[in-house]
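Since the structure comes first, as structure tokens, the remarks are kept for the end.
Owing to the predicted nature of the structure, the values given are computational and were not obtained by experimental measurement.
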Amino acid sequence: MNLKLGTFSIQLKRGSNSEDIARGAAEQVAASAGGLLPWPPGGVPMVYPSGNFGRENTIENLRHIRETVAACMHARSEAIGRGTFHAVAQNVAQNVAQTSVCDPHRRAGSQTKVCATSCTSLPIDHPLERLLQRPNPIFDMSDLMELSSQWLDATGNSIWLKVRDGNGQVVKLWPASVLSFLIERGADGLPETYRFLPSNVIIPAADVIHIRRPDIRMSPFFGHGLISDIMDTAKAESAVRLFQSRFFENDATPRAVLRWPAGALLTQDEMDRLRLSWEAKYASPVNAGRIGILPDGGEVQLLGAGAKELDFTRSKSELRDAIREAFRVPKIVFGDTEQVNLANADTSYMVFLRDVVEHALAKHAQAFTRALASEFQPPDRSSDTGRFVPRGEIVIQHESLIPESEDIFMERVNALKQSMTIDEQRNLIGLPPLPDGRGTSLILGNQITTI
């Protein structure tokens with residue numbers, strides 16, 4: 001049976017295994033174009049447009065990182081750069097000793113760890129934990145996270161390179177420029193190598209951590225930069241600033257022409273001398289406000305009202321708000337307190353942390369788990385009784401930056417109090433133990449339980 005998918009035509013052959021038929025068709029589709037998504041496991045092939053469809057001009061994007069765009073990008077990257085990551089081993093077995101419960105969004109300084117599956121934090125001297133805290137001799141993790149955030153905003157792609165030692169162990173992480181690169185796929189349709197241009201350096205996909213900003217307008221292997229969606233707005237804001245700058249650089253006085261009565265005879269040399277003399281005395285902001293004097297019969301004719309030409313207050317405000325809203329950065333981050341009170345400032349910043357910062361940190365943590373944690377997975381082992389014990393899967397989690405609400409904090413305090421004896425609670429506030437051992441009891445709700 002012949003099947004036509006857009007401009008691609010494939011042939012399906014009858015067979016006993018329907019999954020093999022679907023995969024064979026997908027392989028034909030994947031081989032026919034460079035930007036197609038490989039089939040989902042056990043599913044129907046998905047066809048995406050290929051070629052240059054949806055590809056943006058990254059150089060043009062970088063050129064417009066200025067003014068409000070630059071401020072928004074740095075506000076996002078600096079907030080995301082405060083995130084920290086830790087590696088934990090999720091224990092599969094039910095009787096694993098020395099396990100603790102850990103939170104997928106661990107809070108800095110918090111000793112309480114809660115999650116659905118029991119897991120053990122890796123020691124600080126574990127190679128993966130050391131790598132997460134010190135990825136290379138120059139950049140801290142905060143530096144790499146800021147760069148990664150800015151690359152994602154500008155180009156939709158962030159690439160980290162793995163550097164291995166002589167034993168093949170990943171020992172360093174370095175950022176890579178994503179201005180121009182190609183992804184070459186293998187026979188299975190998945191990325192096999194990354195080719196960076198113009199140096200034409202080829203890196204195996206196994207040595208690359210690729211974080212994308214997905215978009216249906218792009219090939220599934222590439223991301224889409226946020227700046228591309230606000231390019232016209234960014235250009236308009238830059239044009240306003242450039243107009244104002246050039247006005248003061250070139251002419252601090254209102255735009256005008258020097259006129260003489262009809263019949264006045266001025267040679268070209270005299271006109272050039274008058275123009276140069278006028279510019280030397282009255283041009284540039286340093287000479288603004290001086291009184292101009294012309295020879296007999298000369299007059300100045302104004303060609304426009306300079307003050308009105310420079311009044312872009314409303315336009316600049318609208319452009320700035322449009323860019324800020326596209327980056328989802330609240331006004332309070334810029335120190336803009338106009339029409340901002342304490343309530344909506346706190347709410348807007350909490351939403352920023354929840355929807356922008358936490359999302360970015362979780363996205364990086366998932367990418368690290370997929371492309372980096374697998375490099376440090378422990379081997380399967382056997383117990384003393386000879387029974388097979390599956391290994392614990394290593395995952396990478398981030399510490400949450402969202403401040404804890406008062407209600408949740410009080411719940412944790414109450415839970416902590418119920419795990420402490422009366423004497424232990426009295427000791428926290430400097431009181432002595434109760435006599436006759438009465439302070440060795442626990443207070444569970446309204447009940448006093450003796451240990």
> Checking side chain to side chain contact (heavy atoms under 4.5 Å, CB included) for the pair Tyr194/His210: CA distance, chi angles, key distance, verdict?
Replying inline: CA-CA 10 Å; Tyr194 282 69; His210 188 178; 3.0 Å; yes
Is there a side-chain contact between [X] and [Y] in this structure, where contact means two heavy atoms from C-beta onward sitting under 4.5 Å apart?
X      : Y      : answer
Leu401 : Glu358 : yes
Ile227 : Thr155 : no
Ser374 : Arg370 : no
Phe368 : Leu173 : no
Arg185 : Glu192 : no
Leu197 : Leu182 : yes
Asp346 : Ile332 : no

>> Regarding Glu146 and Gln150, do their side chains bring together a donor and an acceptor under 3.5 Å, going by distance alone?
In response: no
> For Ser158 and Ser148, does a side-chain donor sit closer than 3.5 Å to a side-chain acceptor?
Replying inline: yes
Contacts of type salt bridge (Lys or Arg N to Asp or Glu O under 4.0 Å), residue [X], not counting sequence neighbours:
X      : value
Asp229 : Arg217
Glu67  : Arg241
Arg324 : Asp321
Lys235 : Glu60

Tell me, please, which residues at least two apart from [X] pass ring-ring contact (aromatic ring centres under 6.0 Å, His included).
X      : value
Phe196 : none
Phe139 : none
Phe352 : Tyr349
His74  : none

Determine yes or no for a side-chain-to-main-chain donor-acceptor pair under 3.5 angstrom, with [X] supplying the side chain and [Y] the backbone.
X      : Y      : value
Thr369 : Ala365 : yes
Arg213 : Leu152 : no
Ser121 : Val88  : no
Gln397 : Ala87  : no
Asp423 : Leu434 : yes
Arg320 : Thr68  : no

Side-chain atoms of residues 161-169: list all donor-acceptor pairs with protein atoms under 3.5 Å, sequence neighbours left out, distances to 0.1 Å.
unit_1: Lys162; atom_1: NZ; unit_2: Ala206; atom_2: O; d: 2.9
unit_1: Lys162; atom_1: NZ; unit_2: Ala371; atom_2: O; d: 2.3
unit_1: Lys162; atom_1: NZ; unit_2: Glu375; atom_2: OE2; d: 3.2
unit_1: Arg164; atom_1: NE; unit_2: Asp207; atom_2: OD1; d: 2.7
unit_1: Arg164; atom_1: NH1; unit_2: Gly168; atom_2: O; d: 2.9
unit_1: Arg164; atom_1: NH1; unit_2: Glu375; atom_2: OE1; d: 3.0
unit_1: Arg164; atom_1: NH2; unit_2: Ala206; atom_2: O; d: 3.4
unit_1: Arg164; atom_1: NH2; unit_2: Asp207; atom_2: OD1; d: 2.8
unit_1: Arg164; atom_1: NH2; unit_2: Glu375; atom_2: OE2; d: 2.8
unit_1: Asp165; atom_1: OD1; unit_2: Asn167; atom_2: N; d: 3.0
unit_1: Asp165; atom_1: OD1; unit_2: Gly168; atom_2: N; d: 3.1
unit_1: Asp165; atom_1: OD1; unit_2: Gln169; atom_2: N; d: 2.8

>> Under the side-chain hydrogen bond (donor to acceptor under 3.5 Å, both in side chains) definition, can you give me all pairs with a residue in residues 172-181, not counting sequence neighbours?
In response: none
>> I'd like to know whether Arg134 forms a salt bridge (charged side-chain N to carboxylate O under 4.0 Å, His left out) with Asp140, so could you lay out the CA-CA distance, the side-chain angles of the two residues, the decisive distance to 0.1 Å, and finally the verdict.
In response: CA-CA 6 Å; Arg134 184 72 173 179; Asp140 294 329; 2.8 Å; yes
>> Could you check whether Asp153 pairs with Arg76 (Lys NZ or Arg NE/NH1/NH2 to Asp/Glu carboxylate O, under 4.0 Å)?
In response: yes
> Taking it one step at a time, do Glu399 and His86 satisfy side chain to side chain contact (heavy atoms under 4.5 Å, CB included)?
Replying inline: CA-CA 8 Å; Glu399 293 184 0; His86 297 282; 2.7 Å; yes
> Going through the checks in order, is the side chain to side chain contact (heavy atoms under 4.5 Å, CB included) test met by Ile211 and Trp160?
Replying inline: CA-CA 8 Å; Ile211 305 165; Trp160 301 34; 4.2 Å; yes
> Which residues pass the side-chain hydrogen bond (donor to acceptor under 3.5 Å, both in side chains) test with Asn200, sequence neighbours left out?
Replying inline: Arg195
>> Applying side-chain hydrogen bond (donor to acceptor under 3.5 Å, both in side chains), can you list everything that pairs with Asn341, at least two apart in sequence or on another chain?
In response: Asn344
> Between Phe222 and Phe181, how do the two ring planes meet: parallel, tilted or perpendicular, split at 30° and 60°?
Replying inline: tilted
>> For a side chain to side chain contact (heavy atoms under 4.5 Å, CB included) check, start with the C-alpha distance between Asp143 and Ile138, then their side-chain angles and the critical distance, and finish with the verdict.
In response: CA-CA 9 Å; Asp143 299 325; Ile138 297 180; over 6 Å; no
